[in-house]
*Asks:* 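This structure is in structure tokens; I'll ask about it shortly.
Atom set for the values below is all heavy atoms of this structure, side chains included, hydrogens, waters and symmetry mates excluded. All values reported here derive from a predicted model rather than from experimental measurement.
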Amino acid sequence: MKKKLLSLVCALALTISLLPAAQALEGEGTRAAEALASLGLVTGTGAGYAAEDAATQEQAAALLVRLLGAEKAAKADRRSCGWAGIPSWARSAVNYCAFHGLIDWSEYRAGGALDAELWCAMLLRALGCGSELGSSAARTALRIGLISHPLEGTLTRGDLFETALAALTYPAKNGGTLLDGLLAKGLCTAAAVEALGLRRKTLTAREAADRHLSAILCLDLFADEEAIEADEPTANASAFLISLDGLAVTNYHSIDGAISGRATLITGEACAIERVIYYDADIDLAVIRIARTTAEGETVPRFHAIALAGAKEVRMGDTVYALGNPLGLGLAMSRGIVSATAHKADLSTLPCIVSDATISRGSSGGALLNEYGRAVAVTTGAYVYGNNMYLCVPLDPVLEADLTGEGMTLQEVLDAVSAAREAAAETAEADESR
């Protein structure tokens, strides 16, 4: 007897509520300051970090110069940007930021409070991403995974420390990281880096969320023109980005029956589903392309993407993280272990990976990550009467697929699949009548 399976597309149109805006959590800023201090990038101890105090532009400039390993060069540079009111302790750092394009000449205000837009712009420029600022540097930083939660308004010193620590290991556009530069210059020790786990290859659950939730998409699907006109999705699902230009993986059943759809980013921006580049209804996988222009007309220079791994890299007992859009309520993650690596189930012709990382309706199309931060499977379904038996389709077919083609619209895919199903039904009927 076949076991009942539950597909995880949420059939109800629910309001997506993405991660709320938040500043550094209490204590997080101090812990980040302690980590930076152990690397020689921040001075002071305990209450001396003043993590709850408002950060200033001069403090941001000084810290950024240290992150770049340029403090000595900044002090040796005798040029002056001519800005008035710069405190003596910060003069070399501010001048360095001005002459190296890290602070726009129209942005600096002596003694001014540090706001999220200015600090995120400074970090992006330091990482070689200055051309990607767009209309909001803070939104860009969140979209590409440089920061892990929304930042807005005046920042505290704790926010400054927390984001600076994260930026140390973020891949720069020209390769490497800021931390690599500091190590190469001998400005921090390998022992200190090792003690902090900054070069550890495996990710904790929190690190997996911080680094990769920005690549998860919340999908709204529309089955007819009436739903589109009323802006009432007929289904919600998940997907995850696998390329910087907008390719994303989901389940085929997530888009089955839809004629239109949109993907909501971690920033709350909505991008239309433009094309289906690859699909296989039997395997239950699809690759979609989302628009690089948001519904508000903002151009997206690049997205954050998750690297892929094949099923051969998965073993029983491996730690895994499930990231998706359960119940259509917004981004969420869970942690578990792999229970089986090649489980036969009715929902896919491929043997599925089974894990106990919790997923729910709406999680279809989400990412199952290994502890190295690579996606190994797509969260797909569960047994109705099973206990913690969540089924995930391996990504091997996507790794082997040609994703360079133009693809089809959702409507064209629907028409093609409907025609194929009708033809198959007619053939079956003819065989029975013989």
Side-chain angles (χ1 to χ4, degrees), residues 1-11 219 221 223 234-235 237-240 242 247-259 261 273 275-289 308-312 314 322 324 338 340-355 359 361-368 375-384 386 389-432:
M1 183 177 69
K2 291 185 178 180
K3 302 176 181 64
K4 290 187 178 180
L5 292 167
L6 173 66
S7 293
L8 298 177
V9 173
C10 181
L219 300 186
L221 290 311
T234 47
S238 307
F240 57 97
I242 61 171
L247 288 182
V249 174
T250 188
N251 283 125
Y252 171 76
H253 81 257
S254 297
I255 62 171
D256 189 21
I259 64 170
I273 299 175
R275 311 287 288 181
V276 180
I277 305 302
Y278 160 88
Y279 71 92
D280 190 313
D282 294 328
I283 293 175
D284 201 13
L285 288 178
V287 176
I288 58 177
R289 181 179 294 282
L308 306 184
K312 291 182 179 179
V314 182
V338 173
T341 59
H343 181 80
K344 292 184 179 180
D346 295 336
L347 53 72
S348 175
T349 54
L350 277 184
C352 291
I353 294 170
V354 182
S355 89
I359 53 178
R361 288 182 177 271
S363 295
S364 281
L368 188 74
V376 296
V378 181
T379 55
T380 302
Y383 285 110
V384 174
M389 295 182 68
Y390 300 105
L391 303 171
C392 308
V393 177
L395 283 163
D396 298 67
V398 175
L399 289 167
E400 300 164 3
D402 179 5
L403 304 180
T404 61
E406 181 181 354
M408 306 165 69
T409 65
L410 285 168
Q411 179 69 69
E412 289 170 342
V413 170
L414 177 59
D415 292 343
V417 172
S418 297
R421 287 171 177 167
E422 289 176 8
E426 290 174 0
T427 300
E429 185 178 349
D431 290 341
E432 290 179 1

*Asks:* Do S348 and D284 pass the side-chain hydrogen bond (donor to acceptor under 3.5 Å, both in side chains) test, and can you show the C-alpha distance, the side-chain angles, and the key distance before you say yes or no?
*Replies:* CA-CA 6 Å; S348 175; D284 201 13; over 6 Å; no

*Asks:* Considering non-hydrogen atoms only, spot the tightest contact between S254 and G365 and give its length.
*Replies:*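 Here S254 and G365 meet closest at OG-N, 4.1 Å.
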
*Asks:* Rounded to the nearest 0.5 Å, what separation is found between the OG atom of S364 and the CD1 atom of I255?
*Replies:*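 Going from OG on S364 over to CD1 on I255, the span is 12.0 Å.
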
*Asks:* For the residue pair L350 and P397, establish whether any side-chain heavy-atom pair is separated by less than 4.5 Å.
*Replies:*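 Side-chain contact under 4.5 Å: yes.
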
*Asks:* Please list, chain by chain and in numerical order, all residues satisfying side chain to side chain contact (heavy atoms under 4.5 Å, CB included) with S355, sequence neighbours excluded.
*Replies:*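 Result, side chain to side chain contact (heavy atoms under 4.5 Å, CB included) vs S355: V320, A357, L368.
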
*Asks:* In the structure I gave you, are the side-chain heavy atoms of C352 and T380 within less than 4.5 Å of one another anywhere?
*Replies:*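 No; the side chains remain at least 4.5 Å from each other.
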
*Asks:* Under 3.5 Å, side chain of D396 to main-chain N/O of A311, donor-acceptor pair present?
*Replies:*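 Yes; at least one donor-acceptor contact below 3.5 Å.
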
*Asks:* My understanding is that only residues two or more places apart in sequence, or in another chain, count here; which of them pass side chain to side chain contact (heavy atoms under 4.5 Å, CB included) with A281?
*Replies:*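 Here the qualifying residues are Y252.
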
*Asks:* Between V287 and L403, what is the shortest heavy-atom contact and its length?
*Replies:*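 Heavy-atom minimum between the residues: CG2-CD2, 4.0 Å.
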
*Asks:* Ignoring hydrogens, what is the shortest heavy-atom contact between L221 and G261? Give both atom names and the distance.
*Replies:*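 Reported closest heavy-atom pair: CD1-CA, 4.1 Å.
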
*Asks:* List the atom of S238, the atom of G366, and the distance in Å for their closest heavy-atom pair.
*Replies:*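 Closest approach of S238 to G366: CB-N, 3.5 Å.
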
*Asks:* If you measure from OG1 on T404 to CD1 on I277, what distance do you get to the nearest 0.5 Å?
*Replies:*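 Nearest 0.5 Å value for the OG1-CD1 distance: 9.0 Å.
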
*Asks:* Rounded at 0.5 Å granularity, tell me how far OG1 in T250 sits from OH in Y279.
*Replies:*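 Reported to 0.5 Å precision, the distance equals 15.5 Å.
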
*Asks:* Could I get the full list of ring pair (Phe, Tyr, Trp, His ring centres under 6.0 Å) partners for F240, not counting sequence neighbours?
*Replies:*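 Listed in chain order: nothing, the list is empty.
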
*Asks:* State which residues pass side chain to side chain contact (heavy atoms under 4.5 Å, CB included) with S418; sequence neighbours excluded, sorted by chain then number.
*Replies:*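 Only L414 meet the side chain to side chain contact (heavy atoms under 4.5 Å, CB included) criterion with S418.
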
*Asks:* Could you check if a side-chain atom of L410 sits within less than 4.5 angstrom of a side-chain atom of I259, using non-hydrogen atoms only?
*Replies:*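 Heavy-atom side-chain distance check fails, nothing below 4.5 Å.
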
*Asks:* When you compare the side chain of I288 with that of L247, does any pair of heavy atoms fall below 4.5 Å?
*Replies:*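 Heavy-atom side-chain distance check fails, nothing below 4.5 Å.
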
*Asks:* Nearest 0.5 Å please: distance from the CG atom of L308 over to the CG atom of L395.
*Replies:*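 With rounding to 0.5 Å, CG (L308) is 5.5 Å from CG (L395).
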
*Asks:* Taking ring pair (Phe, Tyr, Trp, His ring centres under 6.0 Å) as the definition, give me every residue that meets it alongside Y278, ordered by chain and number, with sequence neighbours left out.
*Replies:*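 By the ring pair (Phe, Tyr, Trp, His ring centres under 6.0 Å) rule, Y278 matches no residue at all.
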
*Asks:* Looking at every heavy atom in both T234 and A223, which two are closest together, and how far apart are they?
*Replies:*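 Reported closest heavy-atom pair: OG1-N, 3.1 Å.
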
*Asks:* Kindly state each residue pair satisfying salt bridge (charged side-chain N to carboxylate O under 4.0 Å, His left out) with at least one member in residues 401-425, sequence neighbours excluded.
*Replies:*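 Matches after skipping sequence neighbours: D256-R421, R275-E406.
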
*Asks:* Of the non-hydrogen atoms in Y383 and K344, which two are nearest, and what is the gap between them?
*Replies:*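 Here Y383 and K344 meet closest at OH-O, 3.9 Å.
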
